[in-house]
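In what follows, a structure is listed as C-alpha coordinates, so that the remarks can point back to it.
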Amino acid sequence: MLGLVSLIGLVFPPAIGFGIGAIVVSIRERKRIATGVGGLRGGWLLWVALVAGVIGCLLSLVIPGFVVYVWIYAIFHGGAFPPGFEG
(Lines give C-alpha, C1' and ligand atoms only; values in the text may rest on other atoms or scores of the structure.)
Protein backbone atom coordinates (compact mmCIF):
# COMPACT_ATOMS: atom_id res chain seq x y z
CA MET A 1 0.00 0.00 0.00
CA LEU A 2 2.86 2.39 0.76
CA GLY A 3 4.23 1.91 -2.75
CA LEU A 4 0.91 2.75 -4.35
CA VAL A 5 0.33 5.80 -2.16
CA SER A 6 3.82 7.08 -2.95
CA LEU A 7 2.86 7.41 -6.63
CA ILE A 8 0.99 10.64 -5.83
CA GLY A 9 4.43 12.19 -5.30
CA LEU A 10 4.25 14.12 -8.55
CA VAL A 11 1.42 16.29 -7.23
CA PHE A 12 2.27 16.00 -3.51
CA PRO A 13 6.07 15.91 -2.99
CA PRO A 14 5.91 15.12 0.76
CA ALA A 15 4.68 11.67 -0.30
CA ILE A 16 8.36 10.78 -0.64
CA GLY A 17 8.03 9.47 2.92
CA PHE A 18 5.62 6.80 1.71
CA GLY A 19 8.07 5.82 -1.03
CA ILE A 20 10.94 5.50 1.44
CA GLY A 21 8.71 3.48 3.75
CA ALA A 22 7.75 1.16 0.89
CA ILE A 23 11.40 0.60 0.01
CA VAL A 24 12.43 -0.14 3.60
CA VAL A 25 9.50 -2.46 4.30
CA SER A 26 9.93 -4.29 0.98
CA ILE A 27 13.62 -4.96 1.58
CA ARG A 28 13.05 -6.07 5.15
CA GLU A 29 10.18 -8.40 4.27
CA ARG A 30 12.04 -9.77 1.23
CA LYS A 31 14.83 -10.90 3.57
CA ARG A 32 12.24 -12.44 5.89
CA ILE A 33 10.69 -14.43 3.03
CA ALA A 34 14.13 -15.53 1.81
CA THR A 35 15.09 -16.91 5.23
CA GLY A 36 11.71 -18.58 5.76
CA VAL A 37 11.17 -22.30 5.39
CA GLY A 38 8.67 -21.83 2.59
CA GLY A 39 5.50 -20.92 4.43
CA LEU A 40 5.77 -17.26 3.45
CA ARG A 41 4.79 -16.16 -0.04
CA GLY A 42 4.32 -12.94 -1.95
CA GLY A 43 7.84 -12.25 -3.16
CA TRP A 44 6.55 -10.86 -6.46
CA LEU A 45 4.26 -8.49 -4.57
CA LEU A 46 7.24 -7.17 -2.63
CA TRP A 47 9.05 -6.49 -5.90
CA VAL A 48 6.03 -4.55 -7.12
CA ALA A 49 5.98 -2.52 -3.89
CA LEU A 50 9.72 -1.87 -4.16
CA VAL A 51 9.46 -0.64 -7.75
CA ALA A 52 6.41 1.50 -6.94
CA GLY A 53 8.27 3.00 -3.95
CA VAL A 54 11.29 3.89 -6.09
CA ILE A 55 9.10 5.42 -8.80
CA GLY A 56 7.15 7.34 -6.14
CA CYS A 57 10.38 8.73 -4.68
CA LEU A 58 11.57 9.83 -8.12
CA LEU A 59 8.23 11.46 -8.88
CA SER A 60 8.39 13.32 -5.57
CA LEU A 61 11.69 14.87 -6.67
CA VAL A 62 10.51 16.08 -10.11
CA ILE A 63 8.75 19.32 -9.14
CA PRO A 64 11.21 20.40 -6.39
CA GLY A 65 14.09 19.64 -8.77
CA PHE A 66 12.51 21.72 -11.52
CA VAL A 67 11.92 24.66 -9.14
CA VAL A 68 15.54 24.52 -7.95
CA TYR A 69 16.73 24.43 -11.57
CA VAL A 70 14.75 27.58 -12.43
CA TRP A 71 16.04 29.39 -9.33
CA ILE A 72 19.66 28.49 -10.04
CA TYR A 73 19.28 29.51 -13.68
CA ALA A 74 17.77 32.85 -12.63
CA ILE A 75 20.57 33.51 -10.12
CA PHE A 76 23.30 33.01 -12.71
CA HIS A 77 21.49 34.83 -15.54
CA GLY A 78 20.43 38.07 -13.88
CA GLY A 79 16.93 37.01 -12.90
CA ALA A 80 15.97 35.79 -16.39
CA PHE A 81 13.88 32.71 -16.94
CA PRO A 82 15.32 29.71 -18.80
CA PRO A 83 14.77 29.66 -22.57
CA GLY A 84 11.24 28.68 -23.47
CA PHE A 85 9.65 30.22 -20.35
CA GLU A 86 9.17 33.73 -21.68
CA GLY A 87 5.45 34.08 -21.89
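Remember, it's a predicted structure, so these values are computed and weren't measured experimentally.
A continuous path of hydrophobic side-chain contacts links Trp47 to Ile27 [ILVMFWY only; heavy atoms under 4.5 Å].
Ser26 contributes no side-chain N or O that, together with a main-chain N or O of Ile23, makes up a donor-acceptor pair within less than 3.5 Å.
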Could you tabulate the donor-acceptor pairs under 3.5 Å formed by side-chain atoms of residues 7-14, not counting sequence neighbours?
none

Show me, pair by pair, the donor-acceptor contacts under 3.5 angstrom made by side chains of residues 70-83, not counting sequence neighbours?
unit_1 : atom_1 : unit_2 : atom_2 : d
His77  : ND1    : Tyr73  : O      : 2.9

Distance-only donor-acceptor pairs under 3.5 Å for side chains of residues 51-67, two or more places apart:
unit_1 : atom_1 : unit_2 : atom_2 : d
Ser60  : OG     : Ile16  : N      : 3.4
Ser60  : OG     : Gly56  : O      : 2.9

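Rounding to the nearest 0.5 Å places CG of Leu45 at 11.5 Å from CG of Leu50. Summarising the geometry, atom CG belonging to Leu46 is positioned 10.0 Å from atom CZ belonging to Arg32; distances are rounded to the nearest 0.5 Å.
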